[in-house]
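A short worksheet on the structure shown next.
Just so it is clear, the model here is predicted, and its values are computed rather than measured. Reminder, nothing fancy here: chain letters follow the sequence lines and each chain counts from 1.
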Amino acid sequence: MKLVLGHLYGDLLNLYADRGNIIALQQRCAWRGVDLEVRQIGIGEAVRPDALDLLFMGGGQDGDQRLMADDLFRLKADALRGALVDGLPMLAVCGGYQLFGEYYQPAEGPPLPGLGLFDLHTVHPGPRVRRCIGNVVVEWLTAGTVDQSHVSSRESHVSAAETGPGARLVTRAPAPAPLGRGATPPVRRTTLVGFENHGGRTYLGPGARPLGRVISGHGNNARDGTEGAVVHQAYGTYLHGSLLPKNPHLADHLLTLALRRRHPGATLAPLDDTAEWRAHEAIVKRYGRRGAVRRAA
Amino acid sequence: MAPSGRRDLRVGMASLAARAAATASRVLKRGGGTALPGLIAERVAPGLLAHLAGQLPGGVVVVTGTNGKTTTSHMLAAIFHRAGLSPVRNASGSNLSRGIAAALAVHADWTGRLRLRPAAPPGGGSPGAGLSAQRDARHGGAVGLFETDEAAFARVVPAVQPGVVVVTNLFRDQLDRYGEVDTVAAIWRTALSAPARGSTPGTLVLNVDDPTVASLAPPGDEGAPVPPVGGTAGALLFGIEDARWGHPGPEHAADAKVCPRCGARLEYPVCFYGHLGHYHCPNGHRRPAPAVSATRLEPHGFDGTDLTLTTPAGELAFRLPLPGLYNVYNALAAAAGALATGVPLSAVREGLAGFTAAFGRLERVQVGAHVVYLVLAKNPVGMNEALRTLFADGRPKHLLMALNDLDADGRDVSWIWDADFEHVAGQAASLTVSGRRAEELAMRLKYAGVAGGTALEIEPDLRRALDRALAMMPAGETLYAVLTYTAMLGLRHVLAERGHLMAYWDEGADVSGLNSQVSRLTSGMERP
């Protein structure tokens, strides 16, 4: 089985260890015998959504982002908008997340247009306002409908996988976990952990749902308690650190979405994620209390 | 020597207060005793740094950059000693302006004048070294040698008015603290372009293999470096010319991908590591030729590297007793920095050939029947170079790796995903993972393919991790401890407690701000 991941400007936008996200997807596929091809989509290259199963965009420095902004709008914007509606699973982190929005309002000067994939905008509050920096723990609002059973229990894997009716995993507020199935009920981990470092404050419009609710840290704007955004099957977030290795449920969720576009009803084989959950739990334990994270430095 | 400089009673008071604080902190064993005294000194007399630095007869050399500034400073100090100069230095790790203030304040009297003892004879060096400089020393051959971190640079440079500024490199490091690489470069540029107070502007000693650093050269200077001997303002560029050790690049962990002059993509026919190498852009901007260069180098593993240096003052061939290309860059930076201050070539050779490792930078510690090497690795490029050097001989090694996320390490540990831990796969005879983020490092190693072959032990507590790592090794074997900054301090603390190593406060390292954290770390209380 083969999947193709399109990495937008991977050679330019690799701030904050975006490479870790790619490594996570690649290894988690390899361990299951799935071949994940990472296709770099650089400057001058068109996006061909039909040839992709998954798309990733990271963040970069201003200089690097300037270098690609023109190319992004000229060569890629239309294809990306089509792909979004078509349900291509996407993940955009930090700078990429901001670019997926409607516009970015710098501290000075006119607003810079975004791709308009997400109904959100970002405002930079000026150099006097502190950046949002630190460890983040959020409650993943879509976690309830994600098949995570393989995470903890092989027995529950098959039955849980069959509860997904058809190809699409609809992302909605979680239903209570059905307990008492077998001897060991599946542990549903609904937290996401990461590290944020952003000056801009992002505000969601009615067309975008938050990815999660902040337990500790700043999130989208340090005000409304939201973090990230979900539109169709596209995900945006400020969490790096890297995000996917220590959130294997999110990594597998994206892979499942990608797999099911081509193979409806397909499921991922379970993996031993002991190391991943140890890393995840260590962060939740240390930083996951409200107010446990220091103010932005 | 006679006291020089103006009287300034306020500076004098500040200095006395700083000295009292230093003494108290030594007595109480609260750490290196430099951060608090410096803080007090700067509070009492905000102009103290400028006032005292201005009295240094040999002027001031400032060393900055992401990696290698401590080793480069140590090398420069060794060279200065051989030349008969006596460097006044801020302690290792205390590279904020208050550390520099403290270093100067302890030499000041109550009237705010520097009282420097004449230079000590060069310890263990040949008696003939740097005769003219020794003569200078009797007339006050004290030279300020200050390392400053990327962020403090903007405050330190205008205050101390350095005659020589050495910039080693600019890598992605502690984004949460310093901001992005572009931001740091902009801060440097502003600090360096500020008009000098009265005196002539200093000489910039720049790593020409780092495009961002090279771009700090004054306009028009980048192609034709001005040999600064004799006090001419300008840039003295250094770099590696021996292209045999490079490969087409840059590496993925590169930070400088666009031309600092025109914003176009850079190409690297020769890349040594990270983004250091021979580069050019499509618009014809290319790496200028270095005046001080390694024209030939032959690595000999941990024994060091045979180097041939070409400089405006002549050619030098010697063995640098430190491994790795990154230490070749440190040696080049130190050689160029020393030449820029007018030190003779013979002192450069003696200082570098007789060099021993700086604090925590590949220190060798005998622990019973075992040898422990302490290797500092605090960012992707540093980690890659450390691992590459470690495994250069192809023999499996016993490893203890520790990742902390305290302020001094950088709270954001995502950099581990940009480091090539894949080097470790199949190379570890045993592997113990420790530190506040041990679990995360263990996971990184899993994704690097390490976990398959080697038993990987996770022990967040450094003391227990050391015990466990040593217990897994046959007697006589060597343990390589690869550590982030505070993990290195923590492990040294443990080794000192057990009598294998002098306590760090005896060596002038500035850890006072970290001391309580280190104690808590080593006692395991920090873990929930």
- Message: Quick check against the 3.5 Å criterion: does A/R278 have a side-chain atom that pairs as donor or acceptor with the backbone of B/A438?
- Response: no

- Step by step, would you call B/E422 with A/I23 a side chain to side chain contact (heavy atoms under 4.5 Å, CB included)? CA-CA 11 Å; B/E422 287 75 7; A/I23 293 175; 4.2 Å; yes

- For chain A, the option from B/V413, B/I458, B/L441 that forms the most heavy-atom pairs under 4.5 Å: B/I458

- Query: Rounded to the nearest 0.5 Å, what separation is found between the CG atom of B/D412 and the CD1 atom of A/I133?
  - Reply: 9.0 Å

- Task: Select one option (side chain, backbone, both, neither) describing which atoms of A/A30 are under 4.5 Å from chain B's heavy atoms.
- Result: neither

- Query: Atom CG of A/L239 and atom OG of B/S414: how far apart are they, to the nearest 0.5 Å?
  - Reply: 11.5 Å

- So, do A/I283 and B/E439 sit near enough that their side-chain heavy atoms are less than 4.5 Å apart? no

- Just do the side chain to side chain contact (heavy atoms under 4.5 Å, CB included) check on B/K446 and A/E276 with the steps written out, would you? CA-CA 9 Å; B/K446 173 185 174 180; A/E276 287 80 351; 3.0 Å; yes

- About how many Å separate CG of B/D405 and CZ of A/F195, when rounded to the nearest 0.5 Å? 8.5 Å

- Does any non-hydrogen side-chain atom of A/D273 lie less than 4.5 Å from one of B/M443? no

- Query: Looking only at atom types and distance, does a side-chain atom of A/Q27 sit under 3.5 Å from a main-chain N or O of B/Y447, one as donor and one as acceptor?
  - Reply: yes

- Quick one: pull up CH2 in B/W417 and CG in A/D18 and give me the separation to the nearest 0.5 Å. 12.5 Å

